[in-house]
Structures are given as C-alpha cells and as structure tokens.
A.B. asks: 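Let me begin by handing over the structure; questions about it come next.
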There are 2 protein chains.
Amino acid sequence: MPDQSNSSHPCGNCAFYRDSIWQPVSSSCVSVLSRGFSRRDLIAGQSLYYQDDDNRGVFCVSKGLIALRTQHHDGTSTLMRLAYPGEIIGFRSFLESRPHRTEARALVGSRVCTVAQRDARHVVQGNPSVLTRLASRCIKEIDRNHERIIAAATTSNKQRLSDILLRLMETHGERTGQFLHMQLPLSRSDLADLIGVQTETVSRLFTRIQADGIFRVSGREVQMLSVPSNKKSANM
Amino acid sequence: MPDQSNSSHPCGNCAFYRDSIWQPVSSSCVSVLSRGFSRRDLIAGQSLYYQDDDNRGVFCVSKGLIALRTQHHDGTSTLMRLAYPGEIIGFRSFLESRPHRTEARALVGSRVCTVAQRDARHVVQGNPSVLTRLASRCIKEIDRNHERIIAAATTSNKQRLSDILLRLMETHGERTGQFLHMQLPLSRSDLADLIGVQTETVSRLFTRIQADGIFRVSGREVQMLSVPSNKKSANM
DNA sequence: CGAGGAGTTGAGCACGGTCAAGGATTGTGG
DNA sequence: CCACAATCCTTGACCGTGCTCAACTCCTCG
C-alpha cells in the first residue's frame, strides 16, 4: 500500500514519504490532510513552539535539526532530544491534549511540516493505522530514552560526547579527502545540557577527545578523521 | 462510560478498574477479553518474562512490585523501571511485535494479569480507544524517562537515592507512631543499577543519607521519620 | 564446617563541579 | 573605522564525589 511518491498527498514528494505516519490514509482523508497541512522554514535559533504552549498540531521535521529542550525552575535547562529529518515532534502534547513540556528550537536552518491539530484529529479518528504509527513513534522515543539512560549509566562523558559528534557528523558532515568536517550546530552549553555536565567540562572533554587523534575541534568547526575502520576506539 | 465495578469484565473487581486500558470496550469484546485473561502470582525473585523473549501479551501489575531490567553485553545491567500496581508492562514488545528488551522480575510477592497477545490484538482492533489508552501509557513512560534523565542531570545521587526510598515508602511503608518502616524490596546492587553507580557507592550514600536524620537503614530494614512537614530537606 | 552472596569500609586516584580570570569573536553605536 | 559590550569559549586551582581494588563481616545454605 505505501507508495513511493504521490503527488496528491501533501507528503507525497517528501523524502520521508514512505515512512510518513500520514500514509496510507483513506482517500477521503487525503484532502483533510491537505487542508490542515503547512510548511514552515525556520532560521537557526528560531522556535517552533515554547514550553507550556498549547498544542497546535503534529509536527514533522523535513530538514535541518530541531532541539527539544525543557527549562527548569532554577533557570537551568536540559536538552532532551535532537530531532532529525523524518522525525515527528510534539506528539505527546497532541496525543494527551496538553501543553508542550519542551521548547522546540531550530539549531540550523530547518523546515518543519505541520498538520493542524483539528485536522490531525480528524484523520487519526478515521484511520486507526495512523494511531498505530504514532504509537510506534512513541516507542521509538522510549527506546531512545532508554539508550540514553543506559549510556549515562555505563559510558563515560567523554565517550558520550564523541558519540554525539559522530552522530552529528553522519547527518551534517561533508567529506574532504579522508576528513569529514562540519559546523557544529550546538553551542558548548547545548552540548553540556545534552550530556548533563557543565560547559567548562565540555571544553575539557574536547581537549581529551582531541588527544585521541580522531577529532579536531576549533570553536564550531569540527574535523574528523574518517578512514573506514571497524576498530572501535578503546576510550574509557 | 467507565464503570466503578463490573463483574462481567475480567478487570471488573480490580482496584484499578476505572483506569484500566481494557475499559470500556464493546460488549462483544468483553468475552474476548475474558477468554484471553489470566492472573498469575509471582514470588519474590520470579521472572514474568526474560529479555529477548517473544511477546505473549499485555501485562498489568495488579499488586506487588516488578523490576524491568536490561542486561548489557558486558554483564552489567540497568534497572530501567519499577512497575507499581496499576501499571502496564510489556507494551513495547506487544505494540511493535518484537522481543522484549527488558526482563520483568518480581521484587516482592506480586500478582500480574495478562491478556494473551492474540486476544489483545483482537480487542485493540475492534476498539480504537484501547489503542488510545495504550498510547497514553507510552507517553507516561516517556514522561517518566524524561524525569529520570532530568534528575540524573540536575540532582545528586544522594538526593536521587533518597527520592527512591521515599517513593518506595509511599507504597510499601507501614506506620508505627511517627515512623514509617519497610523491608527494602531491592538489593544494594539493584539500587546501584537504578541510579547508575557502584554498590559501594550505594553503601556510602546510605551513610550520608542517615547523617541527615530522616532515614535509618540497616540491611533491608528502612525506617523513616515521617512528621508531616512541607519543609523540603536542603540536601545537595 | 566451608562456600558463597550481600553488604561495609578504607586507600588512592580520576573526573567533574565551582569559582575566577582571561581570550576570542561578533555585533552595535559613535 | 574604532571602541565597547556581550557572548562564547578556554584554562587554572581547589576540592568533593565516586570508581577501583582490596579486605573484612555477616548471614544463609549445603
């Protein structure tokens, strides 16, 4: 049933169409989807929604990188998730009809597609499979959280920071010879909020990571030696 | 629509009936539920399912306390969740039709109700609201995970261990005068796996927690001074 | 009785928090 | 164009926390 491309469907030309939660739906609902559908381009630093905002729909990251962050009472914040293209955000507040518990902010220029709340509910109601796919995205989020909790308990901060660089490099890196390089889309304090340490510690971790010879970091510029190799570095 | 009690429904006499995910369902599905329904009593230490087991259904903790634990390749393990009465477990593997990623083991004598996989699917298919309620449990799990990730990043291990004792005391504590006391249902190494430290550290944390004067710990016996008070302890 | 598991305690050390100072970069207004 | 502020990032010193290794106690079970 999933098509490879479908110009009548609002997601029909999206690179992630075949994994879209809005697909397949009954043909009568395609027009409801189209009605509720909108695209929005965000520049780096721009917010899609704020913590405590009411839900306005279901959001899908089409390109770029979105940070989901929760603010604490004491002024600190934790970066709960980096949402990559193809991922759904805002589904908790949509499904539970409650305010957002995180703020969604673009870390780089991004595009986000929205299905407005009212129409999204309409489509969900008429197509149980959409709810199944939404539940599946919930479970993916649980799996990510579990991985993060396990990593926090079993992996050193240095290793976890390396892993984050690696993951970002996969998505944002550009190859030059045997090197991958990128503009780091996160500040030191974002990275600190992501692994749960202080910004000073992030600096020190970078120093130690560079000592291993894989990464070179200078401000936001990151370079990575990328010789195909299955030898995992034995970082502690 | 939710009844307070319903003797024809297999969950009809359960204390958690009004929050049951299996309620309400169409009357024709009540009999399907009854067919797939079974109760099981577990003694402390007994497992309900193991990591990598295929899913056999949807489980609901009726009483007791169940630990969900994942084993790592290096022989260590992490305690991902304590499931209290009224909570659903095993829903990820049910919804995704995949093997369990955690092992479920009773920490104290417990009772677990199961709706067999085949019948559960039947009921879910015929009653979209069941899927909605399952999604809601998924989101509760996400919320719990987020709280844990935030706590790990912002709260000291000492405070987190205190919080765990407090939570357990709420459910398992018995009052004697101005004290609550309980048999700690977790070993030192379970607690260590729960907060992500070594067992030796748990011992030392107990020493420091006792120094604050609220808790007294001796082996598995825990006593807590419980004078109603809204003054939060200023532990670091 | 011995074996093994659970829990505690100590010594030494690495890591990360805190506070403080200073460097680098960027944008604004004169 | 320069001066200045603001922000981001780095580095150093000091110290508390927790990891590792090791020894020892207590208890249960065979």
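To find a chain, count down the sequence lines: A is the first, B the second, and so on, and within it residues start at 1.
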A.B. asks: Reading nucleotides 9-15 of chain D from the 5' end, what letters show protein touch, with B for base, S for backbone sugar-phosphate only, - for no heavy atom under 4.0 Å?
C.D. replies: SBBBB--
A.B. asks: Any chance you could measure A:Ile89, atom CD1, to A:Leu82, atom CG, to the nearest 0.5 Å?
C.D. replies: 11.5 Å
A.B. asks: For a quick test of reading the model: is some side-chain N or O of B:Asn157 closer than 4.0 Å to OP1 or OP2 of D:dG18?
C.D. replies: yes
A.B. asks: Between B:Glu87 and B:Arg81 (salt bridge meaning N to carboxylate O under 4.0 Å), is one present in this structure?
C.D. replies: yes
A.B. asks: B:Gln210 has an atom CD; how far is it from atom C1' of C:dT9, in whole Å?
C.D. replies: 14 Å
A.B. asks: Under 4.0 Å between a Lys/Arg side-chain N and an Asp/Glu carboxylate O for A:Asp54 and A:Arg98?
C.D. replies: no
A.B. asks: Round to a whole Å and report the spacing from NZ of A:Lys158 to C1' of C:dA14.
C.D. replies: 12 Å
A.B. asks: Using a cut-off of strictly less than 4.0 Å, decide whether B:Arg208 has a side-chain nitrogen or oxygen near OP1 or OP2 of C:dT8.
C.D. replies: no
A.B. asks: Regarding B:Glu141 and B:Arg92, does a basic nitrogen lie under 4.0 Å from an acidic carboxylate oxygen?
C.D. replies: no
A.B. asks: Does A:Arg167 count as lying over the ring of A:Tyr84, i.e. NZ or CZ under 6.0 Å from the six-ring centre, within 45 degrees of the axis?
C.D. replies: yes
A.B. asks: Would you kindly give the CD-to-P distance between A:Gln159 and C:dG16, to the nearest whole Å?
C.D. replies: 12 Å
A.B. asks: So does A:Arg69 pair up with A:Asp190, basic N to acidic O under 4.0 Å?
C.D. replies: yes
A.B. asks: Mind running a 4.0 Å heavy-atom check of residues 65-82 of chain B against DNA chain D and sending the residues that fall below it, in number order?
C.D. replies: none
A.B. asks: Given side chain to side chain contact (heavy atoms under 4.5 Å, CB included), test A:Leu79 with A:Thr70 step by step and report yes or no.
C.D. replies: CA-CA 7 Å; A:Leu79 227 167; A:Thr70 96; over 6 Å; no
A.B. asks: B:Leu191 CG to C:dA6 P: how many Å, rounded?
C.D. replies: 13 Å
A.B. asks: Whole angstrom is fine here: how far is it from CG in B:Asp190 over to C1' in C:dA6?
C.D. replies: 12 Å
A.B. asks: Just to verify, which of A:Thr155, A:Asp163, A:Asn157 counts as forming a side-chain hydrogen bond (donor to acceptor under 3.5 Å, both in side chains) with A:Gln159?
C.D. replies: A:Asp163
A.B. asks: Please report the distance, rounded to the nearest Å, between CZ in B:Arg160 and C1' in D:dG18.
C.D. replies: 12 Å
A.B. asks: Quick check: A:Phe215 with A:Phe206 (ring centres under 6.0 Å apart)?
C.D. replies: no
A.B. asks: Using whole Å, report how far CD of A:Gln198 lies from P of C:dC15.
C.D. replies: 18 Å
A.B. asks: Between the protein and nucleotides 21-27 of chain C, list the N/O to N/O atom pairs that are separated by less than 3.5 angstrom.
C.D. replies:
none

A.B. asks: Does the distance from a Lys or Arg side-chain N to an Asp or Glu carboxylate O, for A:Lys158 and A:Asp212, drop under 4.0 Å?
C.D. replies: yes
A.B. asks: For the residue pair A:His100 and A:Tyr49, does the interplanar ring angle fall in the parallel (under 30°), tilted (30 to 60°) or perpendicular (over 60°) class?
C.D. replies: parallel
